[in-house]
There are 2 protein chains.
Amino acid sequence: MENKTERFEKLLVKNGLKRTAPRLQVLEILSGRDSATSQPYLEQVMGKDADRVTLYRVLQAFEEKGIIHKVLDQQGTANYAICSDGCSAHEHHDEHVHFNCDNCHKIYCLDSVKIPALKVPTGFKVEHLNLIATGLCANCSDKVN
Amino acid sequence: MENKTERFEKLLVKNGLKRTAPRLQVLEILSGRDSATSQPYLEQVMGKDADRVTLYRVLQAFEEKGIIHKVLDQQGTANYAICSDGCSAHEHHDEHVHFNCDNCHKIYCLDSVKIPALKVPTGFKVEHLNLIATGLCANCSDKVN
DNA sequence: CTATATTTGCAACATAATTGCATTAACATG
DNA sequence: CATGTTAATGCAATTATGTTGCAAATATAG
């Protein structure tokens, strides 16, 4: 099996980004979680390993290259998840539903749930659809009920 | 025909809010626009008529009472629109699609477009759905093409 | 008109994001 | 593997955004 870090390094190179510590660290963290990761959380986990500004820039670069995608939760906080294959600098294909749990506040990418096509008024040209469901995730609905 | 300001005053009273200048002004501005209005825009338009803090509080009060609803655009900026009838302090019924124009950045409430029901993985309990479409609005797709 | 409770505006504070720039590190090249 | 070039980082300073406490002002019930 291919080494994870190795995969990340290739991913960076493929996108013309240098293989630096903060970038690899961000990829490690994001890949180790089952839900999207908030900017504040990343900041906290990275601690003094990287400057706050660097984190902003890493995330921005990754998003531009299509390595990660941003999801805003109901509070407007940015959350990031690694894109599935098929995203690129010019096109994001993250049109799956996101689920924002009211209890644990995690954001899940429901890759299996596609957003249904939509009929909009004449004149409007839909480019992307962004659907966020809120409620209780599988974990929390167990615990709460 | 009933006077607009009069209607707003009733709306405030009905919700136990006092009929103050900043509140009426916010309602005037919001009602005079065909799309949701961003917090920064409101701040700018109100200028020195009301303090920034007052605006925050007015918007917060209105949202709590179900007079307006908040929509976050793709940048995470708060935008506000007057609720259609049927919203109250305890329940918002703004589950229509919002359209965020990439060109003019306006946010339209597509009241006529309902969000289709969704099939989510076992365990997830959906409470609310929030669908934002991006692309070109009717105005801009005219001009651009 | 007056008493009372809300609401406002100000000031201070707290948090989040952005920019410019000098230093450092990656890596292509010879 | 030394080194020049370019990209990336970290720091400091700035700007933007949001929050809190409190005194003064104002809406409205009586």
Side-chain angles (χ1 to χ4, degrees), chain A residues 5-29 36-65 67-68 70-80 89 105, chain B residues 5-29 36-65 67-68 70-80 89 105:
Chain A
T5 306
E6 217 171 284
R7 255 196 306 120
F8 293 151
E9 296 183 347
K10 280 183 191 168
L11 187 59
L12 291 177
V13 172
K14 192 178 71 181
N15 285 284
L17 298 174
K18 289 183 179 172
R19 183 177 61 63
T20 69
R23 285 173 179 167
L24 287 169
Q25 199 183 353
V26 167
L27 290 175
E28 287 292 345
I29 295 172
T37 304
S38 73
Q39 212 272 345
Y41 177 88
L42 278 168
E43 202 170 312
Q44 188 208 310
V45 171
M46 312 248 311
K48 61 157 211 55
D49 292 349
D51 192 79
R52 226 160 54 82
V53 177
T54 300
L55 180 55
Y56 280 116
R57 292 193 272 223
V58 167
L59 293 171
Q60 186 186 302
F62 283 3
E63 202 191 356
E64 276 168 7
K65 299 295 186 178
I67 296 174
I68 61 178
K70 188 200 313 204
V71 196
L72 299 176
D73 67 19
Q74 296 314 92
Q75 283 75 245
T77 305
N79 286 254
Y80 296 91
H105 300 109
Chain B
T5 306
E6 217 170 284
R7 254 195 307 121
F8 293 150
E9 296 183 346
K10 280 183 189 167
L11 186 58
L12 291 177
V13 172
K14 192 178 70 181
N15 285 284
L17 298 173
K18 290 185 177 170
R19 184 178 60 64
T20 68
R23 285 172 179 168
L24 288 170
Q25 199 182 353
V26 168
L27 290 175
E28 288 291 347
I29 296 172
T37 303
S38 73
Q39 212 272 345
Y41 176 88
L42 278 168
E43 203 170 309
Q44 188 208 309
V45 171
M46 312 248 312
K48 60 158 214 51
D49 293 349
D51 192 81
R52 224 159 52 84
V53 178
T54 300
L55 179 56
Y56 279 113
R57 292 192 274 224
V58 166
L59 293 171
Q60 186 186 303
F62 282 3
E63 202 191 357
E64 276 167 8
K65 299 295 186 179
I67 295 174
I68 62 178
K70 188 200 312 207
V71 196
L72 299 176
D73 66 20
Q74 295 313 93
Q75 284 75 244
T77 305
N79 286 254
Y80 297 91
H105 300 109

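Reminder, nothing fancy here: chain letters follow the sequence lines and each chain counts from 1. Only heavy atoms go into these numbers, but all of them, side chains included; no hydrogens, no water, no symmetry mates.
Counting all heavy atoms, side chain and backbone alike, K65(B) lies closest to N15(B) at CE-O, 3.4 Å. Taking both residues in full, the closest heavy atoms of T5(B) and E28(B) are given as OG1-OE2, 3.2 Å, listed atom of the first, atom of the second, then distance. A pairwise comparison of heavy atoms in R19(B) and L12(B) identifies CA-CD1, 3.8 Å as the closest pair. Contact detail for N79(B) and T77(B): the closest heavy-atom pair is ND2-O, 3.1 Å.
For the atom pair CG of L27(B) and CZ of R7(B), the computed distance is 10.0 Å after rounding to the nearest 0.5 Å. Within the model, atoms OH of Y80(B) and OG1 of T37(B) stand 11.0 Å from one another, a figure rounded to the nearest 0.5 Å.
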Could I get a table of every N or O pair under 3.5 Å where one atom is in the protein and the other is in nucleotides 17-20 of chain D?
| unit_1 | atom_1 | unit_2 | atom_2 | d |
| --- | --- | --- | --- | --- |
| dG18(D) | OP2 | Y56(B) | OH | 2.6 |
| dG18(D) | O5' | Y56(B) | OH | 3.4 |
| dG18(D) | N7 | R52(B) | NH1 | 3.2 |
| dG18(D) | N7 | R52(B) | NH2 | 2.9 |
| dG18(D) | O6 | R52(B) | NH2 | 3.2 |

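The CG atom of L12(B) sits 13 Å away from the C1' atom of dT6(C) (whole-angstrom rounding). The interatomic distance linking N15(B) (CG) with dT6(C) (P) rounds to 15 Å, in whole Å. In this structure, D49(A) places its CG atom 13 Å from C1' of dG10(D), rounding to the nearest Å. For the pair Y41(A) OH and dA16(C) P, the computed distance is 17 Å after rounding to whole Å. Taking atom CG on L55(B) and atom P on dT7(C), their separation rounds to 15 Å, with Å as the unit. Counting to the nearest Å, the P atom of dA16(C) and the CD atom of Q75(A) are 13 Å from each other. Straight-line distance from the CG atom of D51(A) to the C1' atom of dT23(C): 13 Å, rounded to whole Å. Separating the CD atom of Q44(A) from the P atom of dA16(C) is a distance of 12 Å, rounded to the nearest angstrom.
Within the nucleic acid shown, A21(A) has no heavy atom closer than 4.0 Å to any nucleic acid atom.
No hydrogens or angles were tested; on distance alone, nothing pairs the side chain of K18(B) with the base of dT26(D) as donor and acceptor under 3.5 Å.
A donor-acceptor pair under 3.5 Å links the side-chain atoms of D73(B) to the main chain of Q75(B), judged by distance alone.
Taking side-chain N and O atoms only, T20(B) has no distance below 4.0 Å to OP1 or OP2 of dT6(C).
Nearest nucleotide to the side chain of R19(B), out of dT7(C), dT8(C), dT28(D): dT28(D).
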If you look only at distance, which donor and acceptor atoms sit under 3.5 Å apart when one is on a side chain in residues 38-52 of chain A and the other is two or more places apart or in another chain?
| unit_1 | atom_1 | unit_2 | atom_2 | d |
| --- | --- | --- | --- | --- |
| S38(A) | OG | Y41(A) | N | 3.1 |
| Y41(A) | OH | R33(A) | NH1 | 3.4 |
| D49(A) | OD2 | Q25(A) | NE2 | 3.0 |
| D51(A) | OD2 | V53(A) | N | 2.9 |
| R52(A) | NH1 | Y56(A) | OH | 3.3 |

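Note on the helix from dC1(C)-dG30(D) to dG30(C)-dC1(D): terminal axis deviation equals 30°, with five pairs used at each end and the result rounded to 10°.
If you run side chain to side chain contact (heavy atoms under 4.5 Å, CB included) between R23(B) and each of L59(B), V58(B), T54(B), only V58(B) comes through.
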